[in-house]
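Okay, so here's the structure we're looking at.
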Amino acid sequence: TYTSRKNLRLMWVLLVATSPGSWAQQGTQPQSIKIEGDITLGGLFPVHSRGPAGVPCGEVKKEKGIHRLEAMMYALDQINSDPDLLPNITLGARILDTCSRDTYALEQSLTFVQALIQKDNSDVRCSNGEPPIIPKPERVVGVIGASGSSVSIMVANVLRLFAIPQISYASTAPELSDNSRYEFFSRVVPPDSYQAQAMVDIVKAMGWNYVSTIASEGNYGESGVDAFLQISREAGGLCIGQSIKIPREPRPGEFEKIIKRLMETSNARGVIIFANEDDIKRVLQAAKSANLTGHFLFVGSDSWGAKSSPIQDQEDVAEGAVTILPKRASIDGFDQYFSSRSLENNRRNIWFAEFWEDDFKCKLTRPGIKYEPGRRKCTGEQERISQDSQYEQEGKVQFVIDAVYAMAHALHSMHLDLCPGYMGVCEKMDPVEGRMLLQYIRSVNFNGSAGTGVMFNENGDAPGRYDIFQYQLSNVSNPGYKHIGQWTNHLRINPEEMQWSGGDHKVPESVCSFPCESGERKKMVKGVPCCWHCELCDGYQYLLDEFSCDMCPFDMRPLKNRTGCRPTPIIKLEWSSPWAIIPVFLAILGILATTGCIVTFIRFNDTPIVRASGRELSYVLLTGIFLIYLITFLMIAEPSIAVCAFRRLLLGLGMCISYSAMLTKTNRIYRIFEQGKKSVTPPKFISPTSQLIITFILISVQVLGVFIWFGVMPPHTIIDYEEQKPPNPEFARGVLKCDMSDLSLILCLSYSIVLMITCTVYAIKSRGVPETFNEAKPIGFTMYTTCIVWLAFVPIFFGTAQSTEKMFIQTTTLTVSMSLSATVSLGMLYIPKVYVIIFHPEQNVQKRKRSFKAVVQAATVSTHLSQKSNDKQNGESKIEPDRSQ
C-alpha cells in the first residue's frame, strides 16, 4: 500500500540520516558537482579511493574516478548540443563521489531522494506570521552509476524505494540481474554471468573438462565463480578440481597453500581466476616460486583483461594465459575533450584540481592548504594533459557515455510520447514518473559511442560482448596480449593464433581422465562425472557403449580392438593335420593287410587251413575288421549329413561284426567241450549255417539300434563353439562336427563292448582247450589285448574333454584304438594262417579225421593231464575236429 511504502521510505531515511558517519550529522552538505538543466541526472563515481579506518575517502583516482566523471560531463555536453536529441531540453547533473565505499555511497545517494520525501511544513511560520516560501527541491530523474557492484547494490536498494531508474557503467555482479530485487537497475556492461558463459565456452573450445577456480573474497570474485560453476553444471561435461577463495586479508604463506591445493588435482591444469590485480600477481608469484612455470593454464576474467600490472615480472608464468575483456573502443572525441581540459576551463569539476596535482606531480596554492617545500608549484597554464603527463583513456569511458546516452534516448522517446510538438518539458513530464521512464529505458536501441548497439533485456542487462586475448611471450616479435577472438552470445576464436608455453601451438590438456583405449569402458568415479578409470572388456566381451561391455553372440568373438564382434572361424580335422596322418596311415596299412588276408582266403578257399578256420565266420570277421579300418576315413572326413549317417552306422558296426563272429566262435568251442564232458551227443547250433545265423542276429541288434537312432534324431552337422573357446578369443574356433556327443559315441560302442567282454569271458573259460585243436587260444589272446587297448582308450578320451584340442585328440585316440584292436584281431587270428598258406604250403594238408567222440575223449584226457601237471602243455595230441559235424 501507499502508506506502507511511505513508512518504508521514511524508515530508510531515518536509518541513514542518523548513522554516525552521515554528512547530515557533520552539519555540512556533501561535496558534489552541480550542472544546471531542465532535467537533472544523478551521477555516482569513485572519485577517491577508500580511506583508512575512520576516514571515508582517500587519494584521488585519476582513471576510474576523474576519467569516468569527465566522460559523463562530456556526454552531457554532446547531448545538449545535439539538435536532434532532446531539442530545447537541457540535461543537468548532480554528480557525487562514492569514495569506493558502499556505506559512504549510500549516504551520498540520499541527495537524489530528498526531493521525494514529503515534509510537513504546516506549523512553520515566518516572523510576520506568513507561511515560508520554500524553494522547490532539486529532483533527480535517473542516476548514472555506480562503479563497484557492492556500491550499486547498496544504492539500488534505496533508489528502488523511490522509483528512480539507475544505469550502471561498470557493475557486473550477476546478483544485479535479479529483476525482482533490483527492478530499477540497468547496466550498459554485460553481467559476469555472460562473462562466466564466455569463459565456459573458452574452456570447452580448448577441449578441457577438468579445471580449478580461484576467486577473491567479495562480491565480484565469488559471484563470478558461482556463475561459472552454475553454468558449467547446466552445460555438463565440465568438472571442478578445486574451488579456492582468497581471503580479503591473506595471511603469510596463503598463496603457497593455494598452489599446493591446486596441485592436489594436478590434472586440472586449467585455472579459472576471478580475482583482483594484486591477488592475480601473488598467485603467479607463488606458482613461480613452486617451480611450476608452464604447468597452469590461466583463464582470467576482465579484472585481468589486457593489463600489464598483474603479470609484471611474472611474464613466464603467465605465458599462454587466456583473458577476457568487455568489447570496448577508445573514444577519440573524449580524448580531444579531456586533453583540452585545464584549471581555467574546467572549474565545474570541483575535484579537477586534485587530479591536476596528482597528474603533474605539482602543488597548487589553495586556501587552507600549506605549500610543501621541495614540490614543484603548478602553473595551471603551462601543463597540458597527454603532453606533460602520461595519459591513456580509461576502459569504461565508453560505457559511461553510453549510459548517459541511454538515459537521454529514453527521455527523448518519453518526451515524444507525452509532449508531442511541445518545446521543453511539458506538465506530463514534470515530474518525470520513474516507473514509466524505466519502461522507456528498457526499450532503447541505438548505436553507442563505439558503434555497437546499446539495448537492455528484461532484466536490464546489456548484451554480452567480449574480446578474447592471450598473453604470448615466445616466438613473437612483440610479446604481450594478442587478440585471438571474441564472444557475442557465442564464441568465435582462432585456434591458429594461439600459442602456449615455449611457443607450442598444440592446446595443452586439462582433463581428469584421458580417453580410454579401444575396447576399454569407462568406470566413472562417484561424484565426479569427468573422472573415470578405464577397464578392458575382457574375455569374449566387446564395447557395447562408452560405459558398458557386453558378451558377443555364441558364434562370434570380439574384434581385436573390441569395438564389435566378428564371426568365429570354423575348423574341422584336416587330412594334412598330424592328428589325421597317423590314424590314416595305420588304417591304410590295416586295409591293405585285411584285403590281403581276404584275397588269400578266397584264393585258397578249399585248403585245409582255410576250411579249419571256419570259412564263413572268417569272412564275416574279416569284413568287420575291414569296416573298423574304414571308419577312420569317415571320422576324419568333412562332416556332412551323409558322413554323419555313415559314422553312426559304421562306428559300432565294424566292431559289432568282429566281436559277434568271435563270440560265436568261442561260444561254439565252449559248448562243444562242455557238452563233451557230459555226453557224446554234439550240442545244437554248431553247424556253419547256425553260426552265421547267430552272428547276424547279434549284428542285427546293433543295426536296429542305429536305425532307431536315425528315426528319433536324424543325423545332421553342428558347429560347436564351446569346444575350442580358450580365455584368449583370438584362438577361439568353431568346430564343424557331427551331432554325436561323447555319451552318444560311447552308447554307440557300448553294444560292441558288451560283445567284447562276453567274448573275453568265453575265451577265459575255453583256455584249457588244446591250442592246435581250435582257435580258442588266439581268440583269448586277442580279447585280452583288445581289453587293454580299450582300457587305455577310456582315460585318454575322457581326460581330454577340457582340452582346446579335444576334437583332434579324441578323434585320433578313437581311430587309433579301433585300428589297434582290429590289428590285434588280424594279427592274432589270420596273419599266422596267411603266413603258413603262402610261405609253408607243405603244412596246409589234410589231417586225419576224428569223430566227435574221439574229439571229446582227447579233450577230456587233455583236461585231466593239465590238472595233474602244470608243466606240460595242454593238448599234446594234435587232433583236428571234424568241422563237417
Side-chain angles (χ1 to χ4, degrees), residues 572-573 575 580 583-584 586-588 590-591 594-595 598 616-664 692-720 735-759 786 789-790 793-794 797 807 810-823 825-826:
K572 59 183 180 61
L573 185 56
W575 294 102
V584 167
L586 293 176
I588 291 173
I591 288 173
T594 305
T595 303
I598 293 173
E616 298 78 5
L617 284 181
S618 291
Y619 288 131
V620 172
L621 201 152
L622 286 169
T623 300
I625 293 173
F626 184 87
L627 292 178
I628 290 175
Y629 285 123
L630 187 64
I631 193 65
T632 296
F633 297 94
L634 290 173
M635 296 299 293
I636 296 174
E638 181 176 349
S640 65
I641 293 178
V643 170
C644 293
F646 279 108
R647 279 189 191 180
R648 285 191 188 184
L649 181 63
L650 300 181
L651 181 62
L653 185 61
M655 292 178 63
C656 177
I657 291 173
S658 298
Y659 296 135
S660 293
M662 280 192 280
L663 175 60
T664 303
L692 286 175
I693 293 173
I694 293 171
T695 300
F696 285 121
I697 289 173
L698 293 174
I699 294 171
S700 65
V701 175
Q702 173 76 19
V703 175
L704 180 63
V706 170
F707 278 101
I708 292 173
W709 188 10
F710 282 160
V712 174
M713 188 181 297
H716 61 277
T717 59
I718 61 170
I719 300 174
D720 189 347
V735 180
L736 178 64
K737 60 199 302 190
C738 291
D739 60 327
M740 293 179 65
S741 63
D742 294 347
L743 179 62
S744 62
L745 186 143
I746 295 300
L747 290 175
C748 185
L749 296 175
S750 60
Y751 181 64
S752 299
I753 293 173
V754 170
L755 294 176
M756 181 183 71
I757 294 172
T758 307
C759 186
T786 302
V789 169
W790 284 100
F793 161 77
V794 172
F797 186 85
M807 183 194 74
Q810 290 187 344
T811 301
T812 301
T813 303
L814 176 63
T815 52
V816 168
S817 297
M818 294 183 71
S819 294
L820 287 177
S821 63
T823 302
S825 300
L826 191 67

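When reading the values below, keep in mind they use all heavy atoms of this one structure, side chains included, and skip hydrogens, waters and symmetry mates. This one's a predicted model, so the numbers in the text were calculated from it and none came from an experiment.
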**OP:** Mind listing the closest non-hydrogen atom pair of Met740 and Leu651 along with its distance?
**Re:** CE-CD2, 3.7 Å

**OP:** Using atom types as modelled and distance alone, determine if a side-chain donor or acceptor of Ser658 lies under 3.5 Å from a backbone N or O of Ile625.
**Re:** yes

**OP:** Could you check if a side-chain atom of Arg648 sits within less than 4.5 angstrom of a side-chain atom of Cys738, using non-hydrogen atoms only?
**Re:** no

Original post:
Which atom names give the shortest non-hydrogen contact between Phe633 and Trp575, and what distance separates them?
Top reply: O-CH2, 3.5 Å

Check: residues 704-719 side-chain donor-acceptor pairs under 3.5 Å, at least two apart:
unit_1	atom_1	unit_2	atom_2	d
His716	ND1	Pro714	O	3.1
His716	ND1	Asp739	OD2	3.2

Original post:
Of all heavy-atom pairs between Gly590 and Leu826, which one has the smallest distance, and what is that distance?
Top reply: O-CD2, 4.3 Å

**OP:** Rounded to the nearest 0.5 Å, what's the gap from CG on Leu622 to OG on Ser825? Could you check?
**Re:** 10.0 Å

Original post:
Taking all atoms of both residues into account, what is the closest heavy-atom pair of Tyr629 and Thr823, and its distance?
Top reply: OH-OG1, 2.6 Å

Subject >> Side chain proximity check, Lys737 to Lys572, heavy atoms < 4.5 angstrom >> reply: no

Subject >> Pair Leu617-Thr664, side chain to side chain contact (heavy atoms under 4.5 Å, CB included): steps then yes or no >> reply: CA-CA 9 Å; Leu617 284 181; Thr664 303; 4.1 Å; yes

Subject >> side chain to side chain contact (heavy atoms under 4.5 Å, CB included) evaluation trace for Met662 with Leu621 >> reply: CA-CA 7 Å; Met662 280 192 280; Leu621 201 152; 3.2 Å; yes

Subject >> Backbone of Ile697 reached by a side-chain donor or acceptor of Ser700 within 3.5 Å >> reply: yes

**OP:** Output yes when a side-chain donor or acceptor of Tyr659 lies under 3.5 Å from a complementary backbone atom of Tyr751, and no otherwise.
**Re:** no

**OP:** Give, for atom CD1 of Ile628 and atom OG1 of Thr594, the distance between the pair rounded to the nearest 0.5 Å.
**Re:** 9.0 Å

Subject >> side chain to side chain contact (heavy atoms under 4.5 Å, CB included) assessment of Thr632 paired with Met818 >> reply: CA-CA 8 Å; Thr632 296; Met818 294 183 71; 6.0 Å; no

**OP:** Working to the nearest 0.5 Å, report the span between CE of Met655 and CG of Leu755.
**Re:** 9.0 Å

Original post:
With no hydrogens and no angle check, is any side-chain donor or acceptor of Gln702 less than 3.5 Å from a backbone partner on Cys748?
Top reply: yes

Subject >> Side-chain donor or acceptor of Ser660 paired with backbone N/O of Ile657 under 3.5 Å >> reply: no

Original post:
So, for Pro583 and Thr812, which heavy atoms are closest and what is the spacing to 0.1 Å?
Top reply: CG-CG2, 3.8 Å

Subject >> Approximate separation, where rounding is to 0.5 Å, of Met756 CE and Leu749 CG >> reply: 10.0 Å

Original post:
Distance from Leu649 atom CG to Ile631 atom CD1, nearest 0.5 Å?
Top reply: 8.5 Å

Subject >> Residue pair Gly652 / Ser752: nearest heavy atoms and the distance that separates them >> reply: O-OG, 3.0 Å

**OP:** Any side chain to side chain donor-acceptor pair (under 3.5 Å) involving residues 619-628? Give me the pairs, sequence neighbours left out, ordered by first then second residue.
**Re:** Asn605-Tyr619

Original post:
Distance from Leu627 atom CG to Ile591 atom CD1, nearest 0.5 Å?
Top reply: 9.5 Å

**OP:** Give a yes or no on this: more than 12 heavy atoms of other residues, nucleotides or ligands lie within 6.0 Å of atom CD1 of Ile641.
**Re:** no

